[in-house]
S.K.: 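Okay, handing you the structure first.
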Amino acid sequence: MKKLLAVFVALVFASSAMAQLLSVGQTAEATKEGDLSATAGLVIFTGDSDVKVFGVRCTYGVIENLLVIGDIAMADAGVSNLGIGIAGQYALAGLLGELPVDLAVRLGYATYDVSEFSDFGAIQLMVTASKKIEAVDGLAVYGGVGYGAQLDALRQ
């Protein structure tokens, strides 16, 4: 049951609008080559779930509009699991004309038990949208829609 819960947690994180393993937002705005950032976060689920996740994320602008995202997280769902995730996000700035929001597409892979890669691996494909709030520097609203699938499910 605990392995099933860990798979569920991995899929929820993998298919969220927030990306990979660490549940923190990532805007869809255009990036420049060489842009580098790091983020750390803690997520505590309430209710019937007793899951806690602590993780760090690093992002790097490889070329203009292409962002590489890497996550390392520790999930505690009764048993601790180390997770890693990697994704590429491409900002669609200017490709679709002038839009009121920033759009990006993201493709990523996440796994929670690095000793058993294929048992917990999931891929995700998503489109994210974000809009900076001009009144507050550094604040943005974001959301997305995507699809995440466990790799074992794709093999069947």
Side-chain angles (χ1 to χ4, degrees), residues 6-45 51-77 80-115 117-118 120-154:
V7 169
F8 176 76
V9 168
L11 288 174
V12 167
F13 287 144
S15 61
S16 73
M18 296 172 269
Q20 281 66 57
L21 305 170
L22 184 60
S23 231
V24 295
Q26 187 75 42
T27 65
E29 68 183 334
T31 58
K32 296 180 181 136
E33 183 178 342
D35 282 354
L36 181 66
S37 72
T39 308
L42 172 68
V43 179
I44 300 173
F45 289 85
V51 178
K52 297 171 198 70
V53 178
F54 174 76
V56 293
R57 169 177 296 151
C58 183
T59 63
Y60 180 71
V62 180
I63 58 172
E64 186 176 339
N65 296 334
L66 180 60
L67 192 65
V68 173
I69 304 165
D71 289 353
I72 298 175
M74 178 65 74
D76 183 5
S80 293
N81 286 302
L82 179 65
I84 59 171
I86 188 164
Q89 176 176 298
Y90 188 78
L92 301 175
L95 292 178
L96 302 175
E98 203 59 35
L99 296 173
V101 295
D102 295 318
L103 289 176
V105 292
R106 179 182 304 202
L107 178 64
Y109 172 79
T111 183
Y112 251 104
D113 188 344
V114 293
S115 66
F117 248 57
S118 63
F120 288 89
I123 59 171
Q124 72 269 2
L125 176 64
M126 62 187 339
V127 175
T128 58
S130 68
K131 176 75 174 164
K132 283 187 175 181
I133 307 298
E134 300 297 330
V136 181
D137 189 34
L139 181 63
V141 294
Y142 61 90
V145 63
Y147 177 76
Q150 185 177 355
L151 291 180
D152 282 349
L154 294 175

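What you are looking at is a predicted structure, and each value in this text was computed from that prediction instead of being measured.
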S.K.: Compare all side-chain heavy atoms of Leu66 with those of Glu33 and state whether any distance is below 4.5 angstrom.
M.R.: no
S.K.: Does some side-chain heavy atom of Cys58 sit less than 4.5 Å from a side-chain heavy atom of Leu36?
M.R.: yes
S.K.: Tell me, do Leu103 and Thr128 make a side-chain contact under 4.5 Å, heavy atoms counted?
M.R.: no
S.K.: Search all heavy atoms of Glu29 against all heavy atoms of Ser130 and return the closest pair with its distance.
M.R.: N-OG, 3.9 Å
S.K.: Please find the pair of heavy atoms, one from Leu67 and one from Gly61, that lie closest to each other, and give the distance.
M.R.: CD1-N, 3.9 Å
S.K.: Are any of the side-chain nitrogens in Glu64 or Lys32 under 4.0 Å away from the carboxylate oxygens of its partner?
M.R.: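 Salt bridge flag = no for Lys32 with Glu64.
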S.K.: Assess the residue pair Thr59 and Val68 against the criterion (side-chain contact (heavy atoms from CB on, under 4.5 Å)); give the C-alpha distance rounded to whole Å, side-chain angles, the decisive distance to 0.1 Å, and a yes or no.
M.R.: CA-CA 6 Å; Thr59 63; Val68 173; over 6 Å; no
S.K.: Applying side-chain contact (heavy atoms from CB on, under 4.5 Å), run through Leu107 and Val105 and close with a yes or a no.
M.R.: CA-CA 7 Å; Leu107 178 64; Val105 292; over 6 Å; no
S.K.: Ala104 and Ala91: which non-hydrogen atoms are nearest, and at how many Å?
M.R.: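 Answer, listing the atom of Ala104 first, then Ala91: CB-CA, 3.9 Å.
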S.K.: Ala30 and Ala93: which non-hydrogen atoms are nearest, and at how many Å?
M.R.: CB-CB, 3.8 Å
S.K.: Would you find a donor on one side and an acceptor on the other, under 3.5 Å apart, between the side chain of Lys131 and the backbone of Pro100?
M.R.: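 Yes: the side chain of Lys131 pairs with the backbone of Pro100.
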S.K.: Between Gln89 and Thr27 (side chain of the first, backbone of the second, donor and acceptor by atom type, cut-off under 3.5 Å), is there such a pair?
M.R.: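 Here the side-chain-to-backbone pair exists.
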